[in-house]
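The residues of the chain are indexed from 1 along the displayed sequence.
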Amino acid sequence: MATDNPVESLQEEATCPICLEYFKDPVIIDCGHNFCRACITQCWERPDTDISCPQCRETVQQGNLRPIRRLANVVEIVKRLSLQVAKGAGEERVCGEHQETLKLFCEEDQTSVCVVCHLSRDHRDLRVIPIKEAAQEYKEKLQGALGPLRKELEEALALTSKEEKKTTEWQSKVKNKREMIAGEFNKLHTLLEEEEQLLLQSLKEEERETLQRLRENVTKLSQQSSSLQQLITEIEEKCQQSVVELLKDVKSTLNRSENVKLQEPEAVSTDLKNVYKISLDMREALQRFGVDVTLDPDTAHPNLVLSEDQKRVRYGDTRQDLPDNPERFDRYAIVLGAEGFAGGRRYWEVEVGDKTGWDLGVCRESLSRKGEFAYAPGNGCWVMWLREGGYQALTSPPTSLPVSVRPSRVGIFLDYEAGEVSFYNVTDRSHLFTFTDTFSGTLHPYFYPGHKAGATNAAPLIICPVPAQAGGNLSP
């Protein structure tokens, strides 16, 4: 195959296509191709080989081998030219000591040598193989080493990708946590600002009422003081009058003085009536929106047992014979809160204790009560649950919630206008998760106490009492 390098082209033309070495005693056969005499003779000696050209496969006469002396001369010229070019390029294909082509490789010394070097004392007893054979052997070894290296590289790239994915996931977690913290503090700031305005308004009203009563007292006392002053002046003047004038109407004056009785002012307490406590944690701020939630027995699945006060629900041993009214769940053991919310802010807490499985949240009033349905916001269901020791918010797909302290009580806060349903671990006063959506229609509290699973999950879900300070934004 011709190359752009003239020397290499000459080398190819001077190379036997059978042994791939320079021609030795070159001959030409009938088809016009050239070979070493020994090479073509050996090739035709094989019993299973047709008498044909090894290069073009044309049938030829075996004995018709014509020597090419000019080609032999050209081969010698090419050899010398190759040596000169190699020397000029500073390559090691020529033995620096003997000026011979490096055709051999000493495996023990790991060096290329020429034929003269091989016959010398230094290499005579060492294992020497043809350089091309050595190159092929080591090429195979190098190629063999590529497999494990590529495998190592593949594993390294896979580990790199894994670490990069972990990095991305970690950054995403940090971002979400940062946004959650900012959101919770913004919510707290908003609630505190509203609480501040409510407290200031209440204090202003109390100030106005108390000041009005105090001023009324001052006015009444001032009027009494003025009357007393007039009577005193009148009596002093009478005492200075003549006998006749003094005795005139003296009895009336004395009666008036004897009947004077100071009216004490109405007692007005100057102690502040209200306790102006500032809520510095989210739970205290949220408890102002506490609402008394009760369970709606008409929605309860037949396996659920509700307490008489409709504050507790557990999974029963048997299915009860209850009317299959449209409101009742018949597939999942769910019960809804009787109270429906179409606006405002609401907060309630549920005691979950040591239960191993439960669902809590809110859902649309229009949620399907019959058959199966998917727990997802798209179906009007904003719920978190506990299953097999893991907490999840039932987004699409579900979001796993890292919980460091197991909650024995869970707080649920609905901000209808903001489109938020937030869950709180009351046990350690931490935020668990917030759904963000756009609400429409009426929403109800949602309860699923979970199957009994033996005795491990038999305890009920308990709706906690409303704190005394509740009563914030309870608009319908």
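In this structure, the side chain of Ser307 engages the main chain of Arg312 through a donor-acceptor pair within 3.5 Å.
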- [ ] Applying side chain to side chain contact (heavy atoms under 4.5 Å, CB included), run through Tyr446 and Cys381 and close with a yes or a no.
- [x] CA-CA 9 Å; Tyr446 174 110; Cys381 208; 3.9 Å; yes

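Between the CZ atom of Arg213 and the CG atom of Leu211 there is a distance of 11.5 Å, given to the nearest 0.5 Å.
The closest side-chain donor-acceptor pair between Arg256 and Asn259, if any, does not fall under 3.5 angstrom. Judged by distance alone, the side chains of Thr294 and Glu339 do bring a donor and an acceptor atom under 3.5 Å apart. Tyr138 and Gln136 are not linked by any side-chain donor-acceptor pair at a separation below 3.5 angstrom, with hydrogens and angles left out of the test.
We find that Lys166 and Glu163 are joined by a salt bridge, their nearest charged nitrogen and carboxylate oxygen being less than 4.0 Å apart. Classification of Glu327 and Arg369 as a salt-bridged pair fails, no side-chain N sitting under 4.0 Å from a carboxylate O.
Proximity of the aromatic rings of Phe447 and Trp358 is defined here by a centroid distance below 6.0 angstrom, and this criterion is not met. Side-chain rings of Phe433 and Phe423 stay apart, their centers remaining 6.0 Å or farther from each other. The ring of His451 has its center closer than 6.0 angstrom to the ring center of Tyr315.
Residue Tyr347 comes nearest to Gly411 through the heavy atom pair OH-CA, 3.7 Å, listed as atom of the first residue, atom of the second, then distance. Across Trp348 and Pro445, no two heavy atoms sit closer than the pair CZ2-CB, 3.6 Å.
For the side chain to side chain contact (heavy atoms under 4.5 Å, CB included) test with Phe413, the passing option among Arg345, His431, Arg346 is Arg345; the others fail.
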